[in-house]
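Some notes on the structure that comes next.
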Amino acid sequence: RVPRGQRAPVRDRDVLSLTKPPAVGEDGVASPSGVRFRVELQAPAPTAAGGAKAAAFTSAWTSDGFAQDLLLQEQQSKATVTGELLVVRRRLDEERSRFESLGKELRRARATLDEERARRVAA
């Protein structure tokens, strides 16, 4: 656990959780809610100039940087979903309006038909 505002290095196979730890239910099983990520880092391939010596790997990622990048991705996803939701809502409103117009037209046609039937019966 890294307190807010603190920095900690991220190492290979670390598990990052950006939400509170899952609650343990009455049956003793932790609920699966929560977002977790496992970091899998790969060392860069050795270059020809470096010969056979092992490549040293240093991680520039910190938990704050990772959280910031993930937050940015989440905000972009939310913006995409919100945009799609607005388009669907607008289409729904258009269809409702069209449905109401057709309903009014149908009621007028039925009223005209009923009047015509009444005239024929009276005649």
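- The distance from atom CG of Leu71 to atom CD of Glu74, rounded to the nearest 0.5 Å, is 6.0 Å.
- In terms of the salt bridge (Lys or Arg N to Asp or Glu O under 4.0 Å) criterion, Arg90 has no residue partners (sequence neighbours excluded).
- Residues Arg89 and Leu85 have side chains not in contact (no heavy-atom distance under 4.5 Å, counting atoms from C-beta outward).
- For Gln73, there are no side-chain hydrogen bond (donor to acceptor under 3.5 Å, both in side chains) partners, not counting sequence neighbours.
- Considering CG of Leu102 and CD of Glu95, their distance stands at 9.5 Å, rounded to 0.5 Å.
- Among residues at least two apart or in separate chains, salt bridge (Lys or Arg N to Asp or Glu O under 4.0 Å) pairs with a member in residues 113-123 are Glu116-Arg119, Glu116-Arg120.
- With sequence neighbours excluded, the residues satisfying side chain to side chain contact (heavy atoms under 4.5 Å, CB included) with Leu72 are Gln75, Gln76.
- A distance of 10.5 Å separates CG in Leu106 from CG in Leu113, rounded to the nearest 0.5 Å.
- Looking at residues two or more places apart in sequence or on another chain, you find no salt bridge (Lys or Arg N to Asp or Glu O under 4.0 Å) involving Arg110.
- Arg108 is linked by a side chain to side chain contact (heavy atoms under 4.5 Å, CB included) to Lys104, counting only residues two or more places apart in sequence or in another chain.
- To the nearest 0.5 Å, atom CG of residue Leu70 and atom OG of residue Ser77 are 9.0 Å apart.
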